[in-house]
S.K.: 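Take this structure first; my questions come after.
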Amino acid sequence: AAFDPLPGCPIPVEIWRATMQERGIKALFPWQAECLQRMFGPERARANMVYSMPTSGGKTLIAEIALAHCAAVQRRDALLVVPYISLAEEKAAVLRSVAKTLGQHVEVLAGTQGRIPAPARRTGRNIYIATIEKAMTLVSALIEENTQDSLGLVVADELHMLCEGERRGALLEILLLKLMMSCTARIVGMSATISNLHEVSQFLRADVFASGTRPVSLVERLQIGRAFFRVEHGEVRPDPYRPPQIGYQRDPDNICGLVAEVVPAHSCLVFCPTKALCEKLVDVLRSGLAAHPVAGHRPPERLTLLRELEEAASGLCPILRACVPAGMAYHHSGLVQEERVLIERAFAAGVLSVLVCTTTLAAGVNLPARRVIIRGPSVGRQFLKQSQYRQMCGRAGRTGLDTQGETFCLLSPSEREAVERVLLKAPLPPCTSQLLIDQGRVLKRLLLTLVASGLARTVEGLSAALHRTLCALQRPGEIVSLTEIHLEELIAAQLLTRQPDGRLLTTDYGLALYKSGIEFDAFDRTLAQLRAALPSVLLSTDLHLLYLVAGSDASEAIAPNWAAFFDMADCMRPEELAVLDRLGIQVSTLMNLSVGTGTATPDGRYQRMYIALILQAGIRGESPWDIATRFRCPRGAVQLLLSGAATYASCLAHFAHEIKELWALEVLIGALVPRLQAGMPAELVPLLEVPGVKRGRARQLVRAGYKSLKSIAASTPDDMAAAIPHLSRATAGEVIAAARQRLREQAEQMLDEAHALIQAAR
């Protein structure tokens, strides 16, 4: 009989097969069945919808079914919006297999990945997986081409991010508003519990489905000193539970005992407030559990993981070298992306039993564990937010693998009152609009966006659009009064003009700001810097151009090491010294700073040049490990810097495109983008198109003579395994199969684009 877990629901058998049967999912939870019946019922089949439930409640499967149905049955593109790059990559891994079964295509738009808009398809539709920022760029491009109705469904994951500060929440609200105003796509929001769900659904004009069901029960405890307390419905009571006592001197909280009780049969996540504490604690656990069975669990796979980690960053941290064979690792932003992915996969597969991580893992990746330990109610120096605490607790218990999940929050007696009041007993804070934050810059961005995209061209049109926002539901008086003020500011800044008939138009400066995404307060500075560089930029080396793109936010996290900076300046070629001279950077000043005799604080030019030198090392192919060692900064920060510079360079190229006098800089800076994205020499870039091939593996392939997709596809597993040290025949087979699949995809893309050109010519 055909696999049909929900008889009577109009979802074809092939959708069930691709999303459930081939992945071993045998049945839906009752709430999932009810939600799907509501979503695909005859009366509400195209209505917007918001569904909400606790973390690990099984929301993602609903989204996957809806996305697959849109592409394969409705024959329209679908878009999944996620807040983090890591989440985009995680969702893509699942949806690629679903899409392949159904003859559809997955396009990841996150970080440096993806083309906007994606190429036209002869067969199948696109399922986009995009971060909020990239989704905004995609929707703007579709509106500009008047193809926005190619989108049939938009799923917004983590909808509670609407209330996230630092502009991400505001950007999500603007994105959803643009979608509702510009196209017929159905919008589905999924979220953890939101206290004001009715208000959010009113903003989206959506039906609501909410469930408090959690498939795996959760036991929540506090540890205060050596005493344990059970948390039930916000109430805290003494608990007789006692873990094994390891008695390790470096572990006064007996975290070793809490871990030892569940591993290696089950997995354990430990959250720490800082990166330094993560690295310290994982080493404590390794030492304290050296005689525990976890240390001898699955040794061959752990040794393979060690080699892969060393290849990923062309070096290996001593802590990981010691801890991975014991089944433990740390996870934080100091790792490069390839290291993080390898560690996440090893933990999910049970090769690693213990992961000590910062809170970014709780928000960014779905990695559940039997037991979650929270080492203190803080992130850095800030007290945990209730949403962060709930997200960490939500990682406890793996659906289908565990009968229950357990959490332990370790705290001091002085922290108990705040934990009970803020994290356990307080009602969930409402999801509030962020459009009015940041001294009006976000609201001005929205006004400029509405005019530039043609969604509102009059004061009345802007007023009608703003009345559709979540902000208007929550703070109607403020948004109306501030709109008038900020509109006049945009006109005074020559970003918008008001025509005699009342129409609002975008100037070249306004288009430059809109299309580049550069912040309002950076506009004058950016324009002045590019104008100053135009007649004086030195092109005998790439250093001057890299200096121009070294102003991304990521650069602020790296402080110059003056001794290292002076040593590099002392060895520079004449053309590079000419760049320093042109920019007014004095080698004598660097010498004084390196020995601590400098009296004045150097201005921003020196820090920016230090960042430019890091970027130069990156695009010349130095490994993140070598760069981090030479510049004395975390290797993860190096990778973030390259990615941030690539994004900023792309912004500057779009900015220059709209201002005719800067056309030459558009070409020059635009040419830097792919080099910064790859972070390696040009000959390695094509190999990164093979799924699963990262920097370390690409270098190995080139050294073995595999310099193109075609040469990899033409090889055999035996030949490749013989040519590359420590590469197994199975892994070689996977690389070859992936290269052949990528070549087939490229051929399909070329046929699709040729077909689109022929159709246009007719």
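Residue numbers start at 1 and run along the sequence shown. As the structure is a prediction and not an experimental result, all values here were calculated from the model.
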S.K.: Go through it in stages, so that I can follow the logic: the residues are R38 and Y51, the test is side chain to side chain contact (heavy atoms under 4.5 Å, CB included), and I'd like the CA-CA distance, side-chain angles, deciding distance and then a yes or no.
M.R.: CA-CA 10 Å; R38 289 267 296 276; Y51 63 97; over 6 Å; no

S.K.: Determine whether the aromatic ring centres of H69 and F40 lie less than 6.0 Å apart.
M.R.: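 Ring centroids of H69 and F40 are less than 6.0 Å from each other.
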
S.K.: Establish, from distance only, whether the side-chain atoms of R75 and S150 form a donor-acceptor pair under 3.5 Å.
M.R.: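 Judged by distance alone, the side chains do not pair up.
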
S.K.: If we ignore hydrogens and angles and just use 3.5 Å, is the side chain of H105 paired with the main-chain N or O of T123 as donor and acceptor?
M.R.: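 Side chain of H105 to backbone of T123: a pair is present.
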
S.K.: May I ask you to check whether K178 and S140 show a side-chain donor-acceptor distance below 3.5 Å?
M.R.: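 The answer is yes; a qualifying pair exists.
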
S.K.: CE of M181 to CG of L455: how many Å apart, nearest 0.5 Å?
M.R.: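 Result: 5.0 Å between the selected atoms.
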
S.K.: Grab the two heavy atoms, one from S195 and one from P430, that are nearest each other, plus how far apart they are.
M.R.: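 What the structure gives for the nearest pair is OG-CA, 3.2 Å.
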
S.K.: S182: which residues meet the side chain to side chain donor-acceptor pair (under 3.5 Å) condition with it, sequence neighbours left out?
M.R.: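 Listed in chain order: nothing, the list is empty.
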
S.K.: So, does D77 use its side chain to make a donor-acceptor pair with the main chain of R125 at under 3.5 Å?
M.R.: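 Absent.
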
S.K.: Would a 4.5 Å heavy-atom cut-off, applied to side chains only, mark V219 and R230 as touching?
M.R.: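 The answer is yes; the side chains approach within 4.5 Å.
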
S.K.: Give the C-alpha distance, both sets of side-chain angles, the deciding distance and a yes or no for side chain to side chain contact (heavy atoms under 4.5 Å, CB included) between V341 and R345.
M.R.: CA-CA 6 Å; V341 169; R345 288 176 180 170; 3.5 Å; yes

S.K.: Would you please say whether a donor-acceptor pair under 3.5 Å links the side chains of S97 and E22?
M.R.: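 S97 vs E22: no donor-acceptor pair found between side chains.
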
S.K.: What pair of heavy atoms forms the shortest contact from H160 to S191, and how long is it?
M.R.: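 So the minimum-distance heavy-atom pair works out to ND1-OG, 3.0 Å.
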
S.K.: Hey, can you pull the donor-acceptor pairs under 3.5 Å for the side chains in residues 465-472, sequence neighbours left out?
M.R.:
{"unit_1": "H467", "atom_1": "ND1", "unit_2": "S463", "atom_2": "O", "d": "2.7"}
{"unit_1": "T469", "atom_1": "OG1", "unit_2": "L466", "atom_2": "O", "d": "2.7"}
{"unit_1": "T469", "atom_1": "OG1", "unit_2": "A472", "atom_2": "N", "d": "3.0"}

S.K.: Does a side-chain N-to-carboxylate-O contact under 4.0 Å join E301 and R298?
M.R.: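 Counted as a salt bridge, because a side-chain N and a carboxylate O are separated by less than 4.0 Å.
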
S.K.: Begin from the C-alpha positions of R371 and E261 and carry the test salt bridge (charged side-chain N to carboxylate O under 4.0 Å, His left out) through to its verdict.
M.R.: CA-CA 10 Å; R371 180 168 287 184; E261 195 172 29; 2.9 Å; yes

S.K.: Taking the six-membered ring for Trp and the single ring otherwise, decide whether the centroids of F408 and Y241 are under 6.0 Å apart.
M.R.: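 Yes, ring centres under 6.0 Å apart.
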
S.K.: Return yes if a side-chain donor-acceptor contact under 3.5 Å exists between Q474 and E199, otherwise no.
M.R.: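 Note: Q474 and E199 side chains meet the donor-acceptor criterion.
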
